[in-house]
Amino acid sequence: AQSVTQLDSQVPVFEEAPVELRCNYSSSVSVYLFWYVQYPNQGLQLLLKYLSGSTLVKGINGFEAEFNKSQTSFHLRKPSVHISDTAEYFCAVSDIQGAQKLVFGQGTRLTINP
Amino acid sequence: NAGVTQTPKFQVLKTGQSMTLQCAQDMNHNSMYWYRQDPGMGLRLIYYSASEGTTDKGEVPNGYNVSRLNKREFSLRLESAAPSQTSVYFCASTPGGTDDSALHFGNGTRLTVT
């Protein structure tokens, strides 16, 4: 079974500052990793995913994440945030042989201050 | 392109009442899922259907039943609602297979059980 821990429940940052949202996972098998974003009163949208290959993955809206197998981490980064990035962010994992049964972290609420 | 459509958007039930949450997708996806979202707990899988004609339990199936009516539709039923089932429910779908594991989410149903 897999599990995901998002180390920060809330992250406040100033506009145009860099941000890192941390995610660690646990699994006994190879995994796929995902970051989703949820804007208020909406469903989740995919930001980026790691399936295989390059460990640095680029997604939408200028976000990127790096898969680190030795540290079992998949941290999300953006070099300069905007007010519109205010949302909740979820890290998720699934095993590569499962029916895409994602296990989600608890979420990190990113608040951008002007 | 509507994607994943959930109805209703909001619902209030009294303890012991029953209801069915509807979900339909128009992307010809094989796999469909029901998740519940509770504060501080991320999303937890209730049931999923890997393909038409099959359903399986997820992490938190107790108190729920599902029906994969056809390839497009996947409904979630609460036979006797309890206050612990107050939550936001999300339906999701994915093509299936291992090359594109991203879930496509609906906008959710906010359920309150009093």
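To find a chain, count down the sequence lines: A is the first, B the second, and so on, and within it residues start at 1. Basis for what follows: all heavy atoms, side chains included, without hydrogens, waters or symmetry-related copies.
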Side-chain (B:S75) to main-chain (B:Q22) donor-acceptor, under 3.5 angstrom:
no
A:V93 reachable from A:W35 in the ILVMFWY side-chain graph, under 4.5 Å edges
yes
Checking B:R110 against chain A: side chain, backbone, both or neither under 4.5 Å from a heavy atom?
side chain
With only heavy atoms counted, which part of A:Q38 is less than 4.5 Å from chain B, the side chain, the backbone, both or neither?
side chain
Do the side chains of A:R77 and A:E20 get close enough for a salt bridge, i.e. N-O under 4.0 angstrom?
yes
Checked A:S52, A:G107, A:G43, A:A92 vs chain B; the most non-hydrogen pairs under 4.5 Å come from A:G43
Between B:L45 and chain A, with a heavy-atom cut-off of 4.5 Å, which part of the residue counts as in contact: side chain, backbone, both or neither?
side chain
Could you look at A:L46 and say if it's the side chain, the backbone, both or neither that has a heavy atom under 4.5 Å from chain B?
side chain
Which bit of B:E59 is near chain A, if near means a heavy-atom gap under 4.5 Å: side chain, backbone, both or neither?
neither
Checking side chain to side chain contact (heavy atoms under 4.5 Å, CB included) between A:V13 and each of A:V81, A:D85, A:T111, A:T86, which is the one that passes?
A:V81
Donor-acceptor contact below 3.5 Å, side chain A:D95 vs main chain A:V31:
no
